[in-house]
Amino acid sequence: MPEEAESSEIVVFLTKELEASLEKNGSLEKENHELRQEVGRLKAQITSLKAHNNERKSVLWKKFQSTLEQTQATEKPNPKVDFTESEATKERSAARLLPTNAPPPTPRPPLPPTLFKEVKENKGPSAPAPPPPPPPSKALIGSRGVRRVPEVIELYRSLTRKDAHMENKANPAGVHVFALTKNMIGEIENRSSYVLAIKSEVETQGEFVNFLISEVEFAKFTNIADVEAFVNWLDRQLSSLVDERAVLKHFPQWPERKADTLREAAFSYRDLRNLKNEASSFEDNLKEPSILALRRMEALQDRLERSVSSTERTRESASKRYRDFQIPWEWMLDTGLMGQMKLSSLRLAKEYMKRIIRDVESSECPREESLLLQGVRFAFRVHQFAGGFDSETVLAFEELKKIRTNSRRNGTI
């Protein structure tokens, strides 16, 4: 008897330990699932932002290339500069050699004013080393994934200093070649087609930009679809500028916060609506292998759950910003687009269970029990996400349940 009592106590103790371990394991699994969902949501958000950023960079680069080609077609080439002797020096030498009654020589094309001024002012025997070429634009750096390497600049400076010293020794009384090179780089920077185009648009497009400012400032909406249409119209108008950010920064009255919030709301609504439409119109391709088809439906369900979870998590802060700028936010509630997205997952559950039933009923199904369990798990997942089933999904589930009952009765599982 004492031994039986001791054994029962051990069993009770071990049972409690097992229950505690199972409970702890369940909480850890739940936390791990939530963390995976958060990581997936962040990855999807990063991918969406990168795609939007690359799209805008591509548009800006195409506009820049078009402006550059137009400018090169209309501009005449700059007069060439002889690096051994400047044009101004040659003209002054010719003037000294001509007699007083001789006719003046045929004038040459004038040098650029900045370059002519520097030629007159440079009189010393030594020339400073030229600076490195101007860095590429930020748009190119971001699109190609490159970074600045200081060692390249240091090596360039050391080599050009050495070349400048040797050139001064070879031409002690000549024109300062590298000083002219430095001045030419500065001239190119100040007269680049990109900079000139921006300056021109700031001067000529002021009325157009002020019109857009008033449109954004006084924009009020009651439907989120109208916000999407307005943002599309605004982006089309701004796409006529060479560089939207570079031009608008010269207009301090531009309502940047409201414009960015309008875009955020429009893009979020557009992405969620497209995802909802993709799920609600999903069609199972019967020619596709079952394992791929089921994975495709599971991946789409993952996207739905991550998107809804992300929107619900940021709904409070986002809705406050939307209300401040009179932007509709009710679509973020369960009675709006969020509820429609949850209901769209019922289409996935129905197609998923139909595919499982078709595979189980086929004679080539060696793993009937695991397939049925997989279908029930997915059905339960969608049921919890959508808050229930509609009539069509209930019929598919009843058929799946009937197959499982018959299989148990026949002893096949």
Side-chain angles (χ1 to χ4, degrees), residues 25-48 224 267-285 290-319 329-360 370-401 403-404:
N25 186 41
S27 63
L28 290 175
E29 287 182 353
K30 183 179 179 181
E31 184 178 357
N32 186 30
H33 180 67
E34 292 176 353
L35 290 174
R36 287 186 177 182
Q37 287 184 338
E38 178 68 12
V39 171
R41 181 192 67 80
L42 293 175
K43 287 183 177 179
Q45 187 175 1
I46 290 172
T47 303
S48 176
I224 186 61
F267 294 151
S268 298
Y269 172 76
R270 181 196 63 189
D271 293 342
L272 295 175
R273 183 199 60 203
N274 292 341
L275 181 58
K276 185 263 297 183
N277 292 337
E278 182 181 356
S280 59
S281 61
F282 181 85
E283 293 288 345
D284 187 15
N285 183 10
S290 293
I291 186 170
L292 297 180
L294 296 177
R295 284 179 181 176
R296 192 155 57 92
M297 287 183 264
E298 290 172 357
L300 187 52
Q301 179 65 22
D302 287 340
R303 290 168 56 197
L304 281 171
E305 293 179 2
R306 286 198 302 267
S307 299
V308 171
S309 176
S310 173
T311 304
E312 290 177 345
R313 189 163 41 252
T314 60
R315 179 163 53 195
E316 184 176 354
S317 59
S319 62
W329 59 274
E330 293 82 0
W331 59 272
M332 305 175 71
L333 301 174
D334 288 339
T335 55
L337 183 59
M338 292 299 98
Q340 297 175 17
M341 293 184 68
K342 292 179 180 180
L343 293 178
S344 68
S345 65
L346 297 179
R347 174 82 179 187
L348 300 178
K350 183 178 66 174
E351 295 294 331
Y352 197 98
M353 288 187 286
K354 284 184 176 179
R355 173 59 77 114
I356 293 291
I357 292 170
R358 189 178 296 107
D359 290 346
V360 170
S370 61
L371 273 177
L372 289 172
L373 180 59
Q374 184 177 348
V376 172
R377 282 177 175 171
F378 189 81
F380 175 77
R381 174 183 174 184
V382 174
H383 180 274
Q384 297 303 104
F385 176 69
F389 282 166
D390 59 6
S391 57
E392 294 182 358
T393 314
V394 168
L395 290 177
F397 179 75
E398 289 294 339
E399 187 175 356
L400 182 68
K401 182 180 177 182
I403 290 178
R404 187 173 186 275

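Starting from 1, each residue takes its place in the sequence as its number. A quick note: this is a predicted structure, and the numbers were derived from the prediction, not measured.
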Do I356 and L294 make a side-chain contact, defined as non-hydrogen atoms from C-beta onward lying under 4.5 Å apart?
yes

Check whether any side-chain heavy atom of V376 lies under 4.5 Å from a side-chain heavy atom of K401, and answer yes or no. no

Minimal heavy-atom distance between F397 and A379, with the atoms involved, is CD1-CB, 4.2 Å

Only one of T311, I224, L272 passes side-chain contact (heavy atoms from CB on, under 4.5 Å) with L337, and that residue is L272

Nearest heavy-atom contact between A349 and T393 is CB-CG2, 4.1 Å

Tested for side-chain contact (heavy atoms from CB on, under 4.5 Å) against L371, the lone hit among L400, I403, D359 is D359

Please check this pair: side chain of S310 against backbone of R306, looking for a donor-acceptor N/O pair closer than 3.5 Å.
no

The reported gap from CZ in R315 to CE in M338 (rounded to nearest 0.5 angstrom) is 8.0 Å

* Asked: Is a side-chain donor or acceptor of R355 paired with a backbone partner of I291 at a separation under 3.5 angstrom?
  -> no

Donor-acceptor under 3.5 Å (N274 side chain, R270 main chain): yes

Please indicate whether R358 has more than 12 foreign heavy atoms, meaning atoms of other residues, nucleotides or ligands, lying under 6.0 Å from its CZ. yes

Closest heavy-atom pair, R303 versus L275, reported as atoms and distance to 0.1 Å, is NH2-CD1, 3.4 Å

Between the CZ atom in R377 and the CG atom in L372, the distance rounded to the nearest 0.5 Å is 12.0 Å

d(L346 CG, S344 OG) to nearest 0.5 Å is 8.0 Å

message: Test your reading of the model: is there a side-chain donor-acceptor pair from S319 to the backbone of E316, 3.5 Å cut-off?
response: yes

Original post:
Is there a side-chain contact (heavy atoms from CB on, under 4.5 Å) between Y352 and E298 once you walk through the steps?
Top reply: CA-CA 9 Å; Y352 197 98; E298 290 172 357; 2.6 Å; yes

Could you check whether any side-chain heavy atom of D334 comes within less than 4.5 Å of a side-chain heavy atom of E312, counting everything from C-beta outward? yes

Closest heavy-atom pair, A318 versus M332, reported as atoms and distance to 0.1 Å, is CB-CE, 3.9 Å

Is any side-chain heavy atom of E351 closer than 4.5 Å to a side-chain heavy atom of R296?
no

query: Going by heavy atoms in the side chains, are K354 and D284 under 4.5 Å from each other?
result: no

Closest heavy-atom pair, L304 versus S345, reported as atoms and distance to 0.1 Å, is CD1-CB, 3.9 Å

inquiry  = Surrounding CZ of R36 (heavy atoms of other residues, nucleotides or ligands, distance under 6.0 Å), is the total greater than 12?
reply    = no

Hey, are Q37 and H33 close enough side-chain-wise for a donor-acceptor pair under 3.5 Å?
-> yes

ask   = Would you call L300 and M297 a side-chain contact if the rule is heavy atoms closer than 4.5 Å?
value = no

Of all heavy-atom pairs linking F385 and M341, the shortest is CE2-O, 4.2 Å

Between E283 and R347, is any pair of side-chain heavy atoms under 4.5 Å apart?
yes

> Got F378 and Q301 here, is their nearest side-chain heavy-atom distance under 4.5 Å?
Replying inline: yes

Check: Please walk me through it: do D390 and K350 pass salt bridge (Lys or Arg N to Asp or Glu O under 4.0 Å)?
Finding: CA-CA 10 Å; D390 59 6; K350 183 178 66 174; over 6 Å; no

